[in-house]
Amino acid sequence: MPLVVLCGLPDSGRSRRADELRRALEAEGRPVTVVRDADVLGPGGPAALCEAYSDPTREKALRAALKASVERGLGPRSVVLLDSLNYIKGFRYELYCLARAARTPLCLLYCLKPRPRAPGRQEDCRPQAEAATGSWRPKAADREPPEEGSEEGPGSPASRLQGTPSSKALCPEESGALGVVGPGAAEDSGLEPARKPGSPEPGSPEPGPDLGFPPELLEALAQRFEAPDSRNRWDRPLFTVLGPEEPLPLAQMWAALFESQVPAPHQATQSQPLSSTNFLHQLDQVTSQVLAALMEAQKTALPGDLLALPGTTERLLFTRPLSMAELSRLRRQFISYTKMHPNKENLPQLANMFLQYLGQSLH
């Protein structure tokens, strides 16, 4: 089943988003497995989490445990949500290779914390994503088009408040100009204030916030944070949400997780075929014999001669004296490449293959 990697600094609402996505998936009948730092660290609470991210050795062990938990959870049954910082792009690439080896889709949810705005400063609010709705279906499919001449057109204040695809998030100045009733005014008038998107329903348990970190650790994490980039194949499809009020792009995430084509495995995500111990032993023995014969043959050879070595049908053009250090380096390179592609059918031709490799590398 698909893998959703949540990325974001502490206090960015990442855990709230994981709970919100879990509830939405379970409402659609999809079993969900959530992997968190606390599940891996065990008892200890915030203190153990702070110690893990303060010590590079412990943090490396934590990432390895998270990766192992994700690998165990990937399967044909449940969707896996990885709720952790995931701020190192190398670790996100490992998760990408893990999902690709399991032949399952992957998407990345990047949670951003809104920056506090200076008093009196006029700034444009960030527009919401075009189809960032709070439903698994786009808004256009849920609502009928408004009649011509009605007050619920795309440019009307009502449509902007309801979050149509062409809408933008309202700044406080814009809401005041349009006469939107604020929370305080709603209390004075006796009306119940409207519930903000992404906030829990009345009476429902509110998900706990992200665990607190010391200010110095927060600053250190922010400095070494590697933000996801949709241009990288391991960071896409990338969905970014700003603050707790912006609704999740559930329609796009559903298409990426359940309607996209499963990526084909490549060499980096495929298990190498098992090679017999006999193959590696013969490879080492044959290349050593070729080097010994070549060192002996070049003692009487002249530049331009074709060297014929025992056990080979190929000929090596002798152009200059060769040192044992140079030949040993080429031998190690040949063995490293051949070990990655073992084939028992090549055993009788190992000496010729090594001689051809020397001829191509020396000239």
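In what follows, every heavy atom counts, from backbone to side chain, and hydrogens, waters and symmetry copies are set aside.
Note that CG of Leu294 and CG of Leu358 are 7.0 Å apart. Values are rounded to the nearest 0.5 Å. The CG atom of Leu280 sits 13.0 Å away from atom CD of Gln285, with the distance rounded to the nearest 0.5 Å. With rounding to the nearest 0.5 Å, the separation of CG in Leu62 from CG in Leu49 is 7.5 Å. Distance CD1/Ile88 to CZ/Arg92: 9.0 Å, rounded to 0.5 Å. Taking CG of Leu355 as the reference point, atom OG1 of Thr287 lies at 12.0 Å (rounded to 0.5 Å). A distance of 12.5 Å separates CZ of Arg14 from CG of Leu81, quoted to the nearest 0.5 Å.
Among residues two or more places apart in sequence or in another chain, the side chain to side chain donor-acceptor pair (under 3.5 Å) test is passed with Thr33 by Ser78. Asp55 is linked by a salt bridge (Lys or Arg N to Asp or Glu O under 4.0 Å) to Arg58, counting only residues two or more places apart in sequence or in another chain. Listed by chain and residue number, Phe334 satisfy the ring pair (Phe, Tyr, Trp, His ring centres under 6.0 Å) test with Tyr357 (two or more places apart in sequence, or in another chain). With sequence neighbours left out, Arg236 forms a side chain to side chain donor-acceptor pair (under 3.5 Å) with no residue at all. Residues meeting the side chain to side chain donor-acceptor pair (under 3.5 Å) test with Glu326, sequence neighbours left out: Arg320. With sequence neighbours excluded, no residue forms a salt bridge (Lys or Arg N to Asp or Glu O under 4.0 Å) with Glu71. For the salt bridge (Lys or Arg N to Asp or Glu O under 4.0 Å) test, residues two or more places apart in sequence or in another chain that qualify with Arg331 are Asp284. For Ser336, there are no side chain to side chain donor-acceptor pair (under 3.5 Å) partners at least two apart in sequence or on another chain. Every residue meeting the side-chain contact (heavy atoms from CB on, under 4.5 Å) condition with Asp39, not counting sequence neighbours, appears here in chain and number order: Arg36. Residues satisfying the salt bridge (Lys or Arg N to Asp or Glu O under 4.0 Å) criterion with Asp37, sequence neighbours excluded, are absent altogether.
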Check your understanding: Yes or no on side chain to side chain donor-acceptor pair (under 3.5 Å) for Tyr96 and Arg100, after CA distance, side-chain angles and deciding distance?
Key -> CA-CA 6 Å; Tyr96 162 78; Arg100 192 158 188 171; 2.4 Å; yes
Point to revise | Working for side chain to side chain contact (heavy atoms under 4.5 Å, CB included), residues Leu74 and Leu98 | key: CA-CA 9 Å; Leu74 287 178; Leu98 200 64; 4.2 Å; yes
Exercise for review: Test side chain to side chain contact (heavy atoms under 4.5 Å, CB included) on Arg72 and Ser69 and set out the steps.
Suggested key: CA-CA 5 Å; Arg72 288 193 299 267; Ser69 299; 3.2 Å; yes
Point to revise | Check against side chain to side chain contact (heavy atoms under 4.5 Å, CB included), Leu25 and Glu28 | key: CA-CA 5 Å; Leu25 287 169; Glu28 295 292 328; 5.8 Å; no
**Study point:** Derivation of the side chain to side chain contact (heavy atoms under 4.5 Å, CB included) call for Leu3 and Leu257
**Key:** CA-CA 8 Å; Leu3 171 63; Leu257 295 177; over 6 Å; no
Contacts table for residues 297-312: side-chain donor-acceptor under 3.5 angstrom, sequence neighbours left out:
{"unit_1": "Gln298", "atom_1": "OE1", "unit_2": "Leu322", "atom_2": "N", "d": "3.0"}
{"unit_1": "Gln298", "atom_1": "NE2", "unit_2": "Leu322", "atom_2": "O", "d": "2.8"}
{"unit_1": "Lys299", "atom_1": "NZ", "unit_2": "Glu296", "atom_2": "OE1", "d": "3.3"}
{"unit_1": "Asp305", "atom_1": "OD2", "unit_2": "Leu302", "atom_2": "N", "d": "2.8"}
{"unit_1": "Thr312", "atom_1": "OG1", "unit_2": "Leu309", "atom_2": "O", "d": "2.7"}

When the side chains of residues 213-227 are checked against the rest of the protein, which donor-acceptor pairs come out under 3.5 Å, sequence neighbours left out?
{"unit_1": "Arg224", "atom_1": "NE", "unit_2": "Tyr87", "atom_2": "OH", "d": "2.9"}
{"unit_1": "Arg224", "atom_1": "NH2", "unit_2": "Tyr53", "atom_2": "O", "d": "3.1"}
{"unit_1": "Glu226", "atom_1": "OE1", "unit_2": "Lys89", "atom_2": "N", "d": "2.8"}

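Residues Val286 and Phe354 fail the side-chain proximity criterion, which asks for heavy atoms closer than 4.5 Å. The shortest distance between side-chain heavy atoms of Leu9 and Lys113 does not fall below 4.5 Å. Taking 4.5 Å as the limit, every side-chain heavy atom of Pro31 sits out of range of all side-chain heavy atoms of Val79. Leu108 has its side chain within reach of Cys7: a pair of non-hydrogen atoms, C-beta onward, lies under 4.5 Å apart. Contact check for Asp83 versus Arg16: no side-chain heavy atoms found under the 4.5 Å cut-off. You'll find the side chain of Leu250 reaches within 4.5 Å of the side chain of Leu21, heavy atoms only. Put simply, the side chain of Glu94 does not reach to within 4.5 Å of the side chain of Trp234, judged on heavy atoms. Residues Leu112 and Thr240 are in side-chain contact: their nearest non-hydrogen atoms beyond the backbone lie under 4.5 Å apart.
Here the closest heavy-atom approach between residue Pro10 and residue Leu85 is recorded as CD-CD2, 3.6 Å. Across all non-hydrogen atoms, the minimal contact from Leu330 to Ser361 is CD2-CB, 3.8 Å. Scanning both residues, Phe91 and Arg63, for their nearest heavy atoms gives CE1-O, 3.5 Å. Nearest heavy-atom pair, Ser260 versus Ala256, reported as atom, atom and distance to 0.1 Å: OG-O, 2.5 Å.
Between Tyr110 and the choices Leu6, Leu238, Val241, Leu242, the side-chain contact (heavy atoms from CB on, under 4.5 Å) rule is met once, by Leu238. Here the options are Val5, Leu82, Val4, the test is side-chain contact (heavy atoms from CB on, under 4.5 Å), and the partner is Leu106; only Val5 passes. Just one of Arg23, Arg22, Arg17 meets the salt bridge (Lys or Arg N to Asp or Glu O under 4.0 Å) condition when paired with Glu20; it is Arg17.
Formation of a donor-acceptor pair under 3.5 Å by the Asp235 side chain with backbone atoms of Asp229 is found in this model.
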